[in-house]
Protein chains: 2
Amino acid sequence: MYIKIMNISALQHTLATIAEPNRFNIIELLKKGPRSVGEIVQTLGISQPHASRHLRILSEAGLVRSRSKAQQRIYSLEATPFQELDEWFDSFSILWEERLDQFEDYMLDYHNKEGL
Amino acid sequence: MYIKIMNISALQHTLATIAEPNRFNIIELLKKGPRSVGEIVQTLGISQPHASRHLRILSEAGLVRSRSKAQQRIYSLEATPFQELDEWFDSFSILWEERLDQFEDYMLDYHNKEGL
DNA sequence: TCTTAATATACATTGACATGTATATATACT
DNA sequence: AGTATATATACATGTCAATGTATATTAAGA
């Protein structure tokens, strides 16, 4: 067993990017597979500039990438940031694995013994 | 194998709550164990009203709970919302499991056959 | 009950970001 | 080259939420 070092500020940025509702919906859609901007606009019922803008933000955050197909831009999800967040949330599994109360009692004891 | 039904709007709300940097830091701290408001204030170097306000937001989102200990309020993490997000991010594992390119090719084919 | 400690709330201000509208760019087709 | 389609960018506006300051509440101790 080893401790995984994570880039906290990167995680924060990724989280903030995903948290916006329209971008969340775009991500949920792209999870089904690559989509063009037009398809995203139609499916989600948002304006085209609005979609492009959010896709830009997603792209700059490294969450999606695009390839050209004639005039179309086909967007798809990047694996890495989702993988990192998946690992980060795994680190909370101590909250629900084993017996929660035992864990909390342990932490309280540990904490009190430390003083502060 | 079954399909897990998730409450999307709850996930969004949880994500938005976690995404704020101070709350993210509070969560990272509480992952180590329960902490009083004063400890949180000292450790994170934020103002006391500021901490209380973020703790209230975290509490209303169901991410933390508090118990009284004299004048102190001891905050600790709730497992459920983190468990739900952990499961949600698991659903992205298709992005990095197996061969990504194969998956993408498959999705593109599938997508094109569907028309739009 | 008065004082101190710990935390919560109220309120005003500011700043960031989502949204709408207009326009620019890129590519294909005739 | 001119037109149509698809997408991106610019800019102005409005809104929400974080922050700071002051004050209220809760609990303990003398």
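Lettering follows sequence order; numbering is per chain, from 1.
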Peer 1: Not counting sequence neighbours, which residues clear side-chain contact (heavy atoms from CB on, under 4.5 Å) with Ala19(B)? List them please.
Peer 2: Leu15(A), Ala16(A), Ala19(A)
Peer 1: Only counting residues at least two apart or in another chain, list the ones meeting side-chain contact (heavy atoms from CB on, under 4.5 Å) with Asn22(A).
Peer 2: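 Applying side-chain contact (heavy atoms from CB on, under 4.5 Å) to Asn22(A) gives Glu20(A), Ile46(A), His50(A), His54(A).
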Peer 1: What is the distance from CD of Gln42(A) to C1' of dA6(D), rounded to the nearest Å?
Peer 2: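 Rounded to whole Å, this separation is 13 Å.
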Peer 1: Note the angle between the end axes of the helix from dT1(C)-dA30(D) to dT30(C)-dA1(D), five pairs defining each, rounded to 10 degrees.
Peer 2: 20°
Peer 1: With sequence neighbours left out, what residues match Ser52(A) under side-chain hydrogen bond (donor to acceptor under 3.5 Å, both in side chains)?
Peer 2: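 Partners of Ser52(A) by the side-chain hydrogen bond (donor to acceptor under 3.5 Å, both in side chains) criterion, ordered by chain and then number, come out as Gln48(A).
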Peer 1: Whole angstroms only, please: what is the CZ-P distance between Phe24(A) and dA18(C)?
Peer 2: 16 Å
Peer 1: Can you sort out the partners of Gln12(A) under side-chain contact (heavy atoms from CB on, under 4.5 Å), two or more places apart, ordered by chain and number?
Peer 2: Ile8(A), Pro21(B), Phe24(B), Asn25(B)
Peer 1: Can you give one letter per nucleotide of nucleotides 7-21 of chain D, 5' to 3': B if a protein heavy atom sits under 4.0 Å from the base, S if only from the sugar-phosphate, - if neither?
Peer 2: BBB--------SB-B
Peer 1: Can a donor-acceptor pair be found between the side chains of Arg73(B) and Ser68(B) at a distance below 3.5 Å?
Peer 2: yes
Peer 1: Can you list every salt bridge (charged side-chain N to carboxylate O under 4.0 Å, His left out) pair that touches residues 45-56 of chain B, not counting sequence neighbours?
Peer 2: Arg56(B)-Glu60(B)
Peer 1: According to side-chain contact (heavy atoms from CB on, under 4.5 Å), who are the partners of Ser66(B), at least two apart in sequence or on a separate chain?
Peer 2: Tyr75(B)
Peer 1: Roughly how many Å is it from CD in Gln12(A) to C1' in dA16(C), rounded to a whole number?
Peer 2: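 Roughly 16 Å, once rounded to whole Å.
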Peer 1: Got a sec, which pairs hit side chain to side chain donor-acceptor pair (under 3.5 Å) with one end in residues 80-92 of chain A, sequence neighbours left out?
Peer 2: Trp88(A)-Glu28(B), Ser91(A)-Lys31(B)
